[in-house]
Every structure is written in structure tokens, then in C-alpha cells.
Amino acid sequence: MKGSYFLVIKLDEEKTIRTKGKTFELLPGYYVYVGSAMNSLEKRVRRHFSREKKLHWHIDYLLKEARLLRAYLIPSEERLEETLSIEVSKHGKPVPGFGAGDVKVATNLYHFDEEPDGVLIDILKNLGLSWKTVKSVREM
């Protein structure tokens, strides 16, 4: 299945996230990461839930320090990552330069003080998209 996804992440305390080339100072709270997988959506999201993996993308470095609570899988033949990121940016505080190397937005990571699920569901409904939610084993 092809498509895009949201990751809902919880960071319990302020953290400095260092990737290969950048450093991000992140506040405690909730984060939404917007991504896409135009080859295998399920496999990409499964990788994000895995604790044992080679650190490659910015999101890998964040997930090493935070809790991935759930993912929204959004099947689509069209690459929606940029559109979804723009919509999330209307509600969350952007983390400039995080994980948006192949799209025209400045970031794919957004900070929220409160759980963002209501916002995400409204975005998906307003865009007329279908989705499936996958929860972390730790949250079930």
C-alpha cells in the first residue's frame, strides 16, 4: 500500500536531539510527524515502531528519545505529505528543518501542548481522506 502517515509522539522532558548534521532543541509535549511511503506504507510505519534500527532519518533520532504513541496510515496513490504538513502547520508549532528534505515545506514535525488526535482527525475528514490508526503496543 502507498500513502502518507502521521506519527503521534510524546516527549516527556526537554531534549536536545542530535542528528548527523543538525541539532534540535525540543520542548516537552506532543509532536506530530508527517511522512510518506510510496513503496510500502505498512513497512515504513512498522520500522518507526521498532526500537532496533539503524538511525537514518531525523525521525529515527527523535524516536530514540521519545515515545511513539500511534500512527495514522493514510492510503493514497498521490503523495500527500506536503499537503498534510501544511494543514498540520495551521495548528501545531513547527520545528524548522526537521525531516522535510524532499518536500517544499520547512518542516514535517510540529509541537502540540495537548494530544493532537482531534486536530488530525479533523484534517483527514476535511480533506476527505480515509485512514487507519495503529497504536503502540505500550499504549494498548
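The first residue of the sequence shown is numbered 1, and numbering continues consecutively from there. Just so we're clear, the structure is a prediction, and the values are computed from it rather than from any experiment.
- Nearest heavy atoms, Tyr30 versus Pro116: CB-CD, 3.9 Å.
- Contact annotation: the side chain of Val34 never approaches that of Glu87 to less than 4.5 Å [non-hydrogen atoms, C-beta and beyond].
- Separating the CG atom in Leu68 from the OH atom in Tyr31 is a distance of 15.0 Å, to the nearest 0.5 Å.
- Both Ile121 and Leu84 belong to a single network of hydrophobic side chains, linked directly or stepwise wherever heavy atoms of I, L, V, M, F, W or Y lie under 4.5 Å apart.
- Residues Ile9 and Ala66 share a closest heavy-atom pair of CG2-CB, 3.5 Å.
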- Apply salt bridge (Lys or Arg N to Asp or Glu O under 4.0 Å) to Asp113 and Lys93, showing your working. CA-CA 9 Å; Asp113 291 325; Lys93 182 180 177 190; over 6 Å; no
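- At least one donor-acceptor pair under 3.5 Å links the side chain of Ser89 to the backbone N or O of Ile86.
- Contact record, Pro75 with Met1: CB-SD, 3.3 Å, taken as the closest heavy-atom pair.
- Looking at every heavy atom in both residues, Ser4 comes nearest to Leu80 through OG-N, 3.5 Å.
- Residue Asn39 qualifies as open at atom CG: its count of foreign heavy atoms under 6.0 Å is 12 or below.
- Using a distance-only test at 3.5 Å, with no hydrogens or angles considered, no donor-acceptor pair links the side chain of Thr16 to the main chain of Thr23.
- Two residues are said to be in side-chain contact when any heavy atoms from C-beta on lie closer than 4.5 Å; Phe98 and Lys22 fail this criterion.
- For the residue pair Tyr5/His48, the side-chain donor-acceptor check at 3.5 Å is satisfied.
- When the side chains of ILVMFWY residues are joined at heavy-atom separations under 4.5 Å, either directly or via intervening members, Leu55 and Leu11 end up in a single hydrophobic cluster.
- When each of Val88, Ile17, Val32, Leu62 is paired with Leu109, the side-chain contact (heavy atoms from CB on, under 4.5 Å) condition holds for Leu62 and for no other.
- Counting only distance, with no hydrogens or angles, the side chain of Lys53 and the backbone of Arg47 share a donor-acceptor pair below 3.5 Å.
- The 12-atom threshold is exceeded at CD of Glu25, counting heavy atoms of other residues, nucleotides or ligands nearer than 6.0 Å.
- Using a 4.5 Å cut-off between side-chain heavy atoms of Ile, Leu, Val, Met, Phe, Trp and Tyr, with links allowed through other members, Trp131 and Met38 fall into different hydrophobic clusters.
- Around NZ of Lys132, the count of heavy atoms belonging to other residues, nucleotides or ligands within 6.0 Å does not exceed 12.
- Both Leu127 and Leu124 are members of a single hydrophobic cluster when ILVMFWY side chains are connected at heavy-atom separations under 4.5 Å.
- Minimum heavy-atom separation, Tyr61 to His56: CE1-O, 4.2 Å.
- For the pairing with Phe6, the side-chain contact (heavy atoms from CB on, under 4.5 Å) check across Leu120, Val119, Leu73 returns one residue only, Leu120.
- How far CD of Glu13 is from CD of Glu65: 9.0 Å, rounded to the nearest 0.5 Å.
- Residues Thr19 and Phe24 have side chains in contact (heavy-atom distance under 4.5 Å, counting atoms from C-beta outward).
- Within 6.0 Å of NZ in Lys125 there are 12 or fewer heavy atoms belonging to other residues, nucleotides or ligands.
- Expressed to the nearest 0.5 Å, how far CZ of Phe49 lies from CZ of Arg44 amounts to 14.0 Å.
- Nearest heavy-atom pair, Ser130 versus Ile74, reported as atom, atom and distance to 0.1 Å: O-CG2, 3.6 Å.
- Taking NE2 of His58 as the reference point, atom CZ of Arg18 lies at 13.5 Å (rounded to 0.5 Å).
- Contact check on Arg70 versus Glu115 returns a salt bridge, with a Lys/Arg side-chain nitrogen under 4.0 Å from an Asp/Glu carboxylate oxygen.
- Proximity of His91 to Ile123: side-chain heavy atoms (C-beta onward) are separated by under 4.5 Å at one or more points.
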